[in-house]
Asker: 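Here's a structure for you.
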Amino acid sequence: MSTTPAHDSRMEKIVSLCKRRGFIFQSSEIYGGIGGFWDYGPLGAELKRNLRDTWWRAMTRDRDDIVGLDATIIMHPSVWKASGHVDTFADMMRECTLTNKRVRADHVEPQGGSIMRFTGAKAPNATGGWQLDRPITVLMKQGEHIESFRKRVRVLVAQNAGAAAGKPEEIELHGEERTGVVEASVDFHPETGGLLNDARPFNLMLKTFIGPTATEDDVAYLRPETAQAIFAQFKNVCDSSRVKIPFGIGQIGKAFRNEVTPKNFTFRSREFEQMELEFFIRPDEAVRLIHGSVAAWNEGADLSQPKPDWGWELWHRYWLSQRTAYYASIGLGAEDLAYAWQTKEDLAHYARACVDILYKFPFGTDELEGIAARGSFDLTQHQTHSGKQLEYFDEELKTACDAITAEQKEAFIEQSHARRLHPETTKEEITAFCEKLFKGLYVPHVIEPSAGLDRLALAILANAFEEEEVTDEKGKTETRTVLHFHPRVAPVKVGIFPLLKNKPELVAKAREIVAMLRPHMNVFYDETGAIGRRYRRQDEVGTPYGITVDFDTLGEEKPELKGTVTLRERDSMQQTRVPIAEILPFLLGKIL
RNA sequence: GCGGGCGUAACUCAGUUGGUAGAGUGCAACCUUGCCAAGGUUGAUGUCGAGGGUUCGAAUCCCUUCGCCCGCUCCA
C-alpha cells in the first residue's frame, strides 16, 4: 500500500526543522538516543496539546452523547488476557534461518522431502562481489525438481541479501549435499523451506513488575492500546453518568508496543499516544425490535444527524464522515487523505468492518486512524473473564418487546437465525440472545474510531511544510521555509514586533498588546533583528499572524492611523492596517 | 532480526597518506537600521555518537556497542 520514494529529502528536511526549531527531539539524545522513543520540544509540546484539545473538543465537549475517561497505563493483567493481547502478543515464534521470515511455532505444518545443505553462496559478478559464508539448509519438497529447487534457493538468497548480491542467476551455491530425508518435519518454514531456528517468545507488550520483588508472579503490562480501559470501566461509566445508548466514551493517553522496527521518524514509535472513542450502539436486532427495520446504508445516505433506526453499518459510516470532517477542520483535506477498507479476509473474526484513514506522508501513504465496527466482542470477552454482567438495560427495547406477541417473538428468533453473521452460530445461542433482548438486555455493540496523536502531529507537520520560492521587489529570488499550520493547531498564534527596539514608545506599545493577548493564546514577542527576519523566523514555526507596532501606531505623522497596527498574514504575506481593539476578536475568530 | 548507508558546532556539511578541527547558515551583544532572511563590528559553542584497542600521536586504522536512514521481515 505504501509507496516509498528512494530518496526523500522532504522528510529529512522536516526532521531537521523539527530538531532545529524545537518540535521533536530524539529521546535521551545525550546518551546516544533510544530507538523508537521521541520527545516533543517547546513548540512540539504546544502543537501536540492543541491537537489533543481539538480532538477532545470535537469528540466530547461539543457533543452531548460522549463522555471522557482517563485511565491508568498499567491495568490488571487479566484485562490483557480477556482482550486477547497476552495470547496474540506473546506467541512462540520461529525464524527461517535463510530468510529470517518469522512464523508462529504452532502454525508450522509438517512437511516431507530431502534436507539439502549448502556450505555457502557467492555472487562474483555482483558489483564489488558478494559472499555468504554460513551454511544454508533448505528442505527440497517431495516432487520438486532439483533444478527448480536450486533456482528457488538462489532467489531466496538474493532476496535476503538485498542489492549487494545482485541478480539471483549470478549467485553460485557451494557444497550442495543431501543430508537426510524427512517424512513429516515441523522444522522448515512452510513457504521458503528454510530451516527454522528454536522457538522464542515474541511479545509486543512491554512488561513491568508490580511491587519490589519483581518475580514472574508480579508481571504487569504497559497497555498496548487505550481502548481496553474503556471496556473495563464501561459499567462504572454507565452507573455514574446517566448515559443512554447510543453513547460513547473517549480517551486520550499513552500506549506502548515493543515494535520490531520503529521507523519513519515518530510514525512507528514504541511509546505513543492514542485518541480513542468507543461508541456503544444497539445490536441491529434491538433496533429491529424497536423500529421494525434497520436503515440500510447506500452511497449518498444522509449522515449529518444520527437516526434512531441506524444499525452498525450506518453508525460506522457516520463516524467515518465525522472523523473526515474533523481532519478537514484542522487542515487535512480530502486531497491529503486516503481510505483503506479491510477486506473480509483481513478482518479479525469478530469485526464487521474496518476502514483506515490514511495520510499521504512523504514516505508513503500510511495509517492515521482506524475505524472498526467490532460488534460486541470486547465487552463480551470482559464479561466472560471477569464474571461481571456487562449487559445494558434498554428501557425503550423492553417497552417495545412487551408490546409484541409470543408468536411475533418466535418469528423474530427464526428471522434472527436466518440472518446470523456466522454460520456456526447455533439456534440455541440465537434463542438465548433473543430472550435477553425481549427483557431489554444486550451487550452493546461498538464502533471504534482510534487515532494516533503522534502520527497526526507528524501528518500536520508534513502537510504544513513548504519551501517556497519568493521573489522580492528587487527581483531577488530566495527560499522561504514556512509551516502552513491551520491557526487552530499552530503552536504560536501571533508574533508581536516593535518595528525598532531602540524606540521605547514602540516597545512599550508592543508589550501592551502582548499583555492584552496573552490570557487568550500563545503569543511570541520578538524585538531582535530586522522586521523581515522576524517575520521569516515565525514563518518557519508556522505562526499564522504577525503584528507590527510602528510610528503610525503612535500617531506621529498621520493622526488618523493612531492606535492601528500592521497585521501580516503568514501564507499570503499580505499586510493590512487594523485598530488594536480589533486584534483580539479577529484572532479568536481564527483559532477557536 | 538480516543486508546496505550514515554519525564531526543548534542545522547542513568539509576535513588529504594518522600530526592535535573548519566553512556556511543560525545564535548572542552592540552600532546602523522606517515592513519581508539588509549592512557592519564583536563573540560563544565540539570529550569528532559511546567504549575499548593499535600507535610517540587517532575524527582518520581495528574491534565492540548505541542511534538514525533505506530495503527485506514483522506489524493482535
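Chain naming here is simple, since letters A, B, ... match the order of the sequence lines and numbering starts at 1 in each.
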Asker: So A/Gly36, base contact, sugar-phosphate only, or nothing? Heavy-atom distance under 4.0 Å.
Answerer: sugar-phosphate
Asker: Name the one of A/Glu271, A/Glu225, A/Glu276 that satisfies salt bridge (charged side-chain N to carboxylate O under 4.0 Å, His left out) with A/Lys254?
Answerer: A/Glu271
Asker: Which value, in whole Å, describes the distance between the P atoms of nucleotides B/C13 and B/U54?
Answerer: 35 Å
Asker: Which nucleotide, in any strand shown, forms a Watson-Crick or G-U wobble pair with B/C68, with both distances under 3.5 Å?
Answerer: B/G5
Asker: Could you measure between the two C1' atoms, the one in B/A10 and the one in B/G26, and give it in whole Å?
Answerer: 7 Å
Asker: I need the CZ-P distance between A/Arg21 and B/U25, as an integer number of Å.
Answerer: 17 Å
Asker: Look at all strands and tell whether A/Leu500 reaches a base, only sugar-phosphate, or nothing, counting heavy atoms closer than 4.0 Å.
Answerer: base
Asker: Assert yes or no for the condition that the ring centre distance of A/Tyr535 to A/Phe497 is strictly below 6.0 Å.
Answerer: yes
Asker: Rounded off to whole Å, could you give me the CZ-to-P distance for the A/Phe25 and B/C68 pair?
Answerer: 16 Å
Asker: Please state the C1' separation for the pair B/G34 and B/A28 - nearest whole angstrom.
Answerer: 25 Å
Asker: Return whichever of A/Phe265 or A/Glu557 has its heavy-atom-nearest nucleotide of RNA chain B closer to the 5' end.
Answerer: A/Glu557
Asker: Between A/Glu540 and A/Arg537, does any side-chain N to carboxylate O distance fall below 4.0 Å?
Answerer: no
Asker: Ignoring the backbone of A/Leu499, work out which of B/G34, B/C11, B/A29 is nearest its side chain.
Answerer: B/G34
Asker: Mind calculating the distance between CG (A/Asp550) and P (B/C36) to the nearest angstrom?
Answerer: 12 Å
Asker: Going by the angle between their ring planes, with limits at 30° and 60°, are A/Trp312 and A/His316 parallel, tilted or perpendicular?
Answerer: tilted
Asker: Once you round it to whole Å, what is the distance between C1' of B/G34 and CG of A/Leu554?
Answerer: 12 Å
Asker: Strictly below 4.0 Å: does A/Asn502 bring a side-chain N or O up to OP1 or OP2 of B/C30?
Answerer: no
Asker: Distance check, rounded to the nearest 0.5 Å: A/Ile371 atom CD1 versus A/Ile447 atom CD1?
Answerer: 9.5 Å
Asker: Can you tell which of B/C11, B/G67, B/A38 lies closest to the side chain of A/Ala530?
Answerer: B/A38
Asker: Do A/Thr566 and A/Arg577 have side-chain atoms, one donor and one acceptor, less than 3.5 Å apart?
Answerer: yes
Asker: Please report the distance separating the P of B/C2 from the corresponding atom of B/A44, rounded so that it comes out in whole Å.
Answerer: 47 Å
Asker: Write out all pairs satisfying ring pair (Phe, Tyr, Trp, His ring centres under 6.0 Å) with one or both partners inside residues 540-561 of chain A, taking only residues at least two apart or from two chains.
Answerer: A/Tyr545-A/Phe586
Asker: Could you tell me how far apart A/Glu540 (CD) and B/C27 (C1') are, to the nearest whole angstrom?
Answerer: 13 Å
Asker: With rounding to the closest Å, how many angstrom separate the P atoms on B/G24 and B/C70?
Answerer: 32 Å
Asker: Classify the side chain of A/Tyr31 versus the base of B/C66 as yes if they form a donor-acceptor pair under 3.5 Å and no if they do not.
Answerer: no
Asker: Which value, rounded to the nearest 0.5 Å, describes the distance between A/Tyr221 atom OH and A/Thr208 atom OG1?
Answerer: 11.5 Å
Asker: Select one nucleotide: of B/G67, B/A29, B/A37, the one nearest the side-chain heavy atoms of A/Gln26.
Answerer: B/G67
Asker: If the P atom of B/C72 is compared with that of B/G15, how far apart are they to the nearest Å?
Answerer: 31 Å
Asker: Expressed in whole Å, how much space separates the C1' atoms belonging to B/G19 and B/C48?
Answerer: 16 Å
Asker: Categorize A/Arg537 for me: base, sugar-phosphate, or nothing, with a 4.0 angstrom heavy-atom threshold over every strand shown.
Answerer: sugar-phosphate
Asker: Reading RNA chain B from 5' onward, which residue's closest nucleotide shows up sooner: A/Ile30 or A/Thr528?
Answerer: A/Thr528
Asker: Between A/Lys501 and B/C30, is there a contact of a side-chain N or O with OP1 or OP2 at under 4.0 Å?
Answerer: yes
Asker: Distance check, rounded to the nearest 0.5 Å: A/Asp378 atom CG versus A/Tyr350 atom OH?
Answerer: 6.5 Å
Asker: What is the distance from CZ of A/Phe465 to C1' of B/C11, rounded to the nearest Å?
Answerer: 13 Å
Asker: Determine which nucleotide pairs with B/C48, using a 3.5 Å limit on both distances of a Watson-Crick or G-U wobble pair.
Answerer: none
Asker: Considering every strand shown, what is the Watson-Crick or G-U wobble mate of B/U41 when both distances are under 3.5 Å?
Answerer: B/A29
Asker: Rounded to whole Å, how long is the line connecting atom CZ of A/Arg268 with atom P of B/U73?
Answerer: 13 Å
Asker: So, OP1 or OP2 of B/C27: does either fall under 4.0 Å of a side-chain N or O from A/Arg533?
Answerer: yes
Asker: Measure CD1/A/Ile34 against P/B/C68 and give the value in whole Å, please.
Answerer: 9 Å
Asker: What residues in residues 564-578 of chain A put a non-hydrogen atom under 4.0 Å from any atom of RNA chain B?
Answerer: A/Thr566, A/Arg568, A/Met573, A/Gln575
Asker: Taking atom C1' in both B/G4 and B/U73, compute the distance separating them and give it to the nearest angstrom.
Answerer: 15 Å
Asker: For B/G34, which nucleotide is its Watson-Crick or G-U wobble mate, given both distances must be under 3.5 Å?
Answerer: none
Asker: Closest approach to the side chain of A/Arg20, judged atom by atom: which nucleotide of B/U33, B/A10, B/A37 is it?
Answerer: B/A10
Asker: Can a salt bridge be assigned to the pair A/Glu467 and A/Arg10 using a cut-off of 4.0 Å between side-chain N and carboxylate O?
Answerer: no
